[in-house]
Amino acid sequence: MLNGIKVLSFTHYLQGPSAVQTLADLGADVTKVEPPKGAYERHWSGFDTYMNGVSVFFMMANRNQKSLAIDLKSPEGKEIIYKLVKQADVVVENFRPGVMEKLGFGYEALAALNPRLIYCSCTGYGSSGPYLGKAGQDLLIQGLSGLASLTGKADSGPTPVGTAPVDQHGAVLAALGVLAALFDRERTGKGHKVDCNLLNAALDLQIEPLNYFLNKGPLWDKLNSGLCTRFHQAPYGVYRTADGWITLSLAPVDKLREAFGSDSLDGYTAEDQMMRRDEVDRIVADEMKKRTTADWYEIFDRLDIWHTPANEYADVVRDPQVAWNEMIVSMNVPVAGEVKTLSHPNRYDGKAPPIRMSPPRLGEHTAAILRDAGVDDDSIAALVEKGVVRVAQ
């Protein structure tokens, strides 16, 4: 779908690579520009997860891309990048603000070389402002943005989400911004500077509770029962059963009364589910412990009460809908071997974009990219000898 669109990716960690991988999955010709020692994510992986020494953190967000290993501080390296920029459609970078400018690759410099260029900067807080020099990272932004204040129990304090939602949402917004800018360029011929930052992404994730706060005031306090938000009516959360857990959402009080088969909710109304939510939630939590999870499935299915399992990952990978959606796929990666990963999440005419290329070895495409830029083999060998570029072993 993006065949012919050339992207230069100056990205590392998760937000930037994930944004670029979205474009690569859709067919863009992406070159990952990384230092001769390799991007950060090649040398780190959460849960210490490596496949034959290859970082899973790197492999999960760098497929369908080429690797150009190059010293951006060297004069020769800069000249090579300038050549590539003249042929590029998009540049995506997620260095701290000012780094690309110091290297000579800021928006103004590159737009002067290529006025049609779409230049996307992914930052922690924005490209200007009082937090310009602060470290911007998912967990830090969860705390700053108020996201962590929404989660957890009353006695647990602010509780961050146990994954990186801000990075991933920021990545999607960056890809969306690039696509919108490309679409406009087709009409106007004009390039654009796209700014995407994690703070704005985190606030956007909170569009519902934050708007309630802005227009009404402080949200309700967190509870210690099953209720998992500070603005929904009860029940809304994960509840303990006699032998496990179950997720329960927006169940009408009359249906709950029928499901429980007791007088515990007598006298409570739909309005009370919101205004006396703490009382209702305690009653629901107590009632849920009286039957097994399987029993509740049968009762809730019969009464059309919204519910799902509260799955662990072992359950998720066996879930029939996850399998039907073909969200878990395998790819063969040199050295690493067969690696399982998540598919591109969208489907186009019923199909996911294929994995055309496994995550690249460091410098795997350096020589080919330089040849395409008009650099002869003797000059490539000299650049390798000098340490300006690195080619895959």
Side-chain angles (χ1 to χ4, degrees), residues 1-34 38-46 49 51 54-69 88-95 118-123 137-138 163-182 194 196-198 201 325-334 336 338-348 351-365 369:
M1 301 177 81
L2 295 180
N3 291 348
I5 298 297
K6 293 186 176 182
V7 180
L8 291 178
S9 169
F10 299 83
T11 66
H12 49 287
Y13 299 101
L14 183 56
Q15 181 200 14
S18 190
V20 171
Q21 179 168 273
T22 299
L23 304 175
D25 283 351
L26 295 176
D29 180 0
V30 176
T31 295
K32 182 179 183 67
V33 181
E34 51 186 325
Y40 170 85
E41 63 268 25
R42 288 187 183 273
H43 310 292
W44 183 89
S45 189
T49 312
M51 303 288 288
V54 183
S55 165
V56 169
F57 184 62
F58 169 77
M59 290 188 286
M60 72 187 184
N62 285 283
R63 64 176 175 240
N64 292 331
Q65 301 170 48
K66 303 172 184 175
S67 170
L68 169 63
D89 297 286
V90 178
V91 163
V92 181
E93 61 92 10
N94 69 325
F95 288 104
I118 308 301
Y119 189 108
C120 178
S121 289
C122 302
T123 60
Q137 182 266 341
D138 189 286
T163 182
V166 182
D167 271 340
Q168 204 61 13
H169 187 51
V172 171
L173 292 176
L176 173 65
V178 168
L179 293 175
L182 283 170
V194 178
C196 178
N197 70 74
L198 294 179
N325 290 354
E326 298 180 336
M327 271 303 296
I328 299 173
V329 296
S330 294
M331 57 183 177
N332 289 312
V333 182
E338 182 179 349
V339 178
K340 292 182 180 179
T341 191
L342 292 178
S343 170
H344 181 89
N346 289 345
R347 298 296 178 263
Y348 307 90
K351 296 181 179 180
I355 298 178
R356 307 184 315 277
M357 300 166 55
S358 65
R361 291 173 292 149
L362 177 60
E364 180 175 347
H365 306 92
I369 292 168

Within the 4.5 Å heavy-atom criterion, are Val90 and Leu8 side-chain neighbours or not?
no
Charged N to carboxylate O below 4.0 Å: is that the case for Arg42 and Glu34?
yes
Go through the steps for Ile5 and Val30 under the test side-chain contact (heavy atoms from CB on, under 4.5 Å), then give the verdict.
CA-CA 8 Å; Ile5 298 297; Val30 176; over 6 Å; no
Checking side-chain hydrogen bond (donor to acceptor under 3.5 Å, both in side chains) for the pair Ser330/Glu338: CA distance, chi angles, key distance, verdict?
CA-CA 6 Å; Ser330 294; Glu338 182 179 349; 3.2 Å; yes
Evaluate the side-chain proximity of Thr22 to His344: yes if any heavy-atom separation is below 4.5 Å, no if none is.
yes
Can you check side-chain hydrogen bond (donor to acceptor under 3.5 Å, both in side chains) on Ser18 and Gln168, steps first, answer last?
CA-CA 7 Å; Ser18 190; Gln168 204 61 13; 2.9 Å; yes
Residues Thr123, Ser121; criterion side-chain hydrogen bond (donor to acceptor under 3.5 Å, both in side chains); working and verdict
CA-CA 6 Å; Thr123 60; Ser121 289; over 6 Å; no
The test is side-chain contact (heavy atoms from CB on, under 4.5 Å); show your working for Met51 and Val333 and say whether it passes.
CA-CA 9 Å; Met51 303 288 288; Val333 182; over 6 Å; no
Taking side chain as C-beta onward, heavy atoms only, is Pro334 less than 4.5 Å from Arg361?
yes
If you define the side chain from C-beta out and look only at heavy atoms, does anything of Val178 sit under 4.5 Å from Leu23?
yes
Going through the distances and angles, do Thr341 and Arg63 end up as a side-chain contact (heavy atoms from CB on, under 4.5 Å)?
CA-CA 10 Å; Thr341 191; Arg63 64 176 175 240; 3.9 Å; yes
Ignoring hydrogens and angles, state whether a donor on the side chain of Ser9 or Gln65 is under 3.5 Å from an acceptor on the partner side chain.
no
Is the shortest side-chain heavy-atom distance between Glu41 and Pro17 below 4.5 Å?
yes
Are Arg356 and Asp25 within salt-bridge range, i.e. N to O under 4.0 Å?
no
Counting C-beta onward and ignoring hydrogens, is there a side-chain heavy-atom pair between Leu14 and Phe57 closer than 4.5 Å?
yes
Answer whether the closest heavy-atom distance between the side chains of Asn346 and Tyr348 falls below 4.5 Å.
yes
Find out whether Lys32 and Gln21 are in side-chain contact, i.e. whether some heavy atom of one side chain is under 4.5 Å from a heavy atom of the other.
no
After noting the C-alpha distance and the side-chain angles of Phe95 and Phe10, does the key distance pass the ring pair (Phe, Tyr, Trp, His ring centres under 6.0 Å) rule?
CA-CA 8 Å; Phe95 288 104; Phe10 299 83; 7.2 Å; no
Just verifying a value: how many Å separate Lys351 NZ and Ser343 OG, rounded to the nearest 0.5 Å?
13.5 Å
